[in-house]
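In this chain, numbering begins with 1 at the start of the sequence shown. When reading the values below, keep in mind they use all heavy atoms of this one structure, side chains included, and skip hydrogens, waters and symmetry mates. Every number for a ligand or one of its atoms is a count from 1 in the order of the listing.
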Amino acid sequence: ATDAAATGYHSVASLEEDMRRLAEEHPEIAELQQIGRSVEGRPLWALRIGERRDSTRKVAVLGCHHAREWLAVEVPYLLAEHLLENSSSDPVQRWLQQGEVWVAPMVNPDGHEYTRVDHRLWRKNRRPNRDGSVGVDPNRNYGYMWGSLDINTSSHVPSDQTYVGPRAFSEPEVRAVRDLVARERFSGVLSYHSYSQLILYPWGYTSEPIADRDDFAEHRDLAQDMEQLIRKVHGRTYVAQQSSELYPTAGDSSDWTYGEYDAVSLTIELRPASAEEGGFIVPSSEIQPCWEENRPAAFGFIQHVLERPER
Ligand code: 0X9
Ligand code: ZN
């Protein structure tokens with residue numbers, strides 16, 4: 001990675017370059033697709049990884065809805081790289097024969113670029129709002145129960161950090177994810193954020209559990225398995241819980257992919273556990289250990305989704 005040299009993290013440009021390189025080095029199993037454009041016109045990229053185009057088992061891995069959550073770019077990127085570099089040995093080989101893994105490591109490139117050059121703790125996208133403020137929270141802009149809450153973690157005030165936007169899917173970054181999901185019909189969607197070390201399952205908009213008992217048990221058990229897989233690597237505790245227990249919000253990606261498509265849907269909050277340990281600002285020396293501890297859990301998720309019985 002090129003100008004990642006400065007920070008140890010990807011920039012919009014170095015990520016695009018590295019994703020392009022991965023696709024070029026693995027032409028039989030990887031394809032770089034532009035899935036849309038951001039508010040400021042940046043291309044939004046996803047890597048499709050798999051041997052066939054007609055598989056019915058597909059996983060999507062999303063990163064960096066929130067600009068300042070830099071680790072949430074690196075874990076999905078490293079997952080894509082790892083799958084491609086290990087595509088001729090099991091279990092990866094088997095997965096890529098049966099199904100597909102789509103990776104979009106940077107849903108919010110405008111915001112990310114802004115954090116790199118200007119305002120390190122920017123969260124939202126860079127939408128100019130009608131009141132002169134900037135930014136919609138991409139993780140409040142999805143269309144399941146959108147706008148149903150009016151609280152400080154899910155706000156209708158444009159200048160707020162968690163502004164839900166003027167309507168569901170008002171943001172091109174979120175529409176790009178919507179259109180990809182509508183087209184590919186993923187059986188599972190994993191969305192990376194930071195920080196707090198959590199594995200979150202729907203619902204986020206209500207403290208009611210998912211009504212379908214099988215779905216509830218499936219999400220809870222999978223999240224708890226992933227908690228164990230993470231802990232085994234470096235001893236870190238990532239807590240599995242319902243999203244709304246963290247705080248209620250409406251319009252996040254997992255509520256929509258579960259609510260609209262019944263996809264197995266989890267949100268992972270990466271390192272660290274607390275603000276005292278650095279919050280959003282994590283030295284690049286932690287990228288590798290963070291990826292290491294998350295790899296078995298990401299594998300667990302992929303394995304579960306690709307190999308579960310058809311419903
Ligand atoms: O607030 C968010 O969008 C996520 N946390 S973050 O600190 N990365 O911003 C959590 C979303 C999980 N969903 C709910 N809590 N409903
Ligand atoms: Zn986030």
Is the ring pair Trp122/Tyr114 parallel, tilted or perpendicular, if the boundaries are 30 and 60 degrees?
perpendicular
Any chance the rings of His219 and Tyr258 have centres within less than 6.0 Å?
yes
State whether Phe169 and Arg167 meet the cation-pi test: NZ (Lys) or CZ (Arg) under 6.0 Å from the six-membered ring centroid, and within 45° of the perpendicular axis.
no
Verify the cluster assignment for Tyr205 and Tyr201: are they in a single hydrophobic cluster under the rule of side-chain heavy atoms below 4.5 Å apart?
yes
Consider every N or O of Ser194 and every N or O of ligand 1, then say whether any pair is closer than 3.5 Å.
yes
Holding to salt bridge (charged side-chain N to carboxylate O under 4.0 Å, His left out), I want the full list of residues that pass it with Arg120, two or more places apart in sequence or in another chain.
none
May I ask you to list the atoms of ligand 1 that are less than 4.0 angstrom from any heavy atom of Asn139?
2 (C), 3 (O), 11 (C)
Name the closest protein heavy atom to atom 6 (S) of ligand 1, giving the residue it belongs to and the distance to 0.1 Å.
Glu269 OE2, 3.4 Å
Would you kindly confirm whether Met145 and Val181 end up in one hydrophobic cluster when ILVMFWY residues are joined by side chain heavy atoms under 4.5 Å apart?
yes
Just do the side-chain contact (heavy atoms from CB on, under 4.5 Å) check on Asn152 and Thr162 with the steps written out, would you?
CA-CA 7 Å; Asn152 73 338; Thr162 60; 5.8 Å; no
For the 3.5 Å polar cut-off, considering only N or O atoms, please tell me whether Asp252 and ligand 1 meet it.
yes
Establish, from distance only, whether the side-chain atoms of Tyr9 and His112 form a donor-acceptor pair under 3.5 Å.
no
Ignoring angles and geometry beyond distance, decide whether Thr267 reaches within less than 3.5 Å of ligand 1 through its nitrogen or oxygen atoms.
no
Going by the order shown, which atoms of ligand 1 are within less than 4.0 Å of some heavy atom of Leu200?
12 (C)
Which atoms of ligand 1 are found less than 4.0 Å from any heavy atom of Gly204?
16 (N)
Quick one: name the protein N/O/S atoms under 2.8 Å from the Zn ion (ligand 2), chain by chain.
His66 ND1, Glu69 OE1, Glu69 OE2, His193 ND1
Judged by atom type as modelled, is there a donor-acceptor pair below 3.5 Å linking the side chain of Arg48 to the main-chain atoms of Leu32?
no
Backbone, side chain, both or neither: what part of Trp203 comes under 4.0 angstrom of ligand 1, heavy atoms only?
neither
Mind checking whether His66 has an N or O less than 3.5 Å away from an N or O of ligand 1?
yes
Using a strict 4.0 Å cut-off to heavy atoms of Glu69, name the atoms of ligand 1 that fall inside it.
6 (S), 8 (N), 9 (O)
Tell me the protein heavy atom at minimum distance from atom 15 (N) of ligand 1, and give that distance in Å.
Tyr247 O, 2.9 Å
Can you name the atoms of ligand 1, numbered from 1 with element, that are less than 4.0 Å from a heavy atom of His193?
8 (N)
Return yes when Ser196 approaches ligand 1 closer than 4.0 angstrom through a heavy atom, no otherwise.
no
Polar side-chain atom of Arg57 near backbone of Trp95 as donor-acceptor pair, under 3.5 Å:
no
Can you list the ligand 1 atoms lying under 4.0 Å from a non-hydrogen atom of Arg123?
1 (O), 2 (C), 3 (O), 6 (S), 9 (O)
Within 45° of the axis and under 6.0 Å from the centre of the six-membered ring of Trp70, does NZ or CZ of Arg116 qualify?
no
Identity and distance of the protein heavy atom lying nearest atom 14 (C) of ligand 1
Thr249 OG1, 3.4 Å
Strictly under 4.0 Å, does any heavy atom of Glu245 approach an atom of ligand 1?
no
Pair Arg20 + Glu16: basic N to acidic O under 4.0 Å:
yes
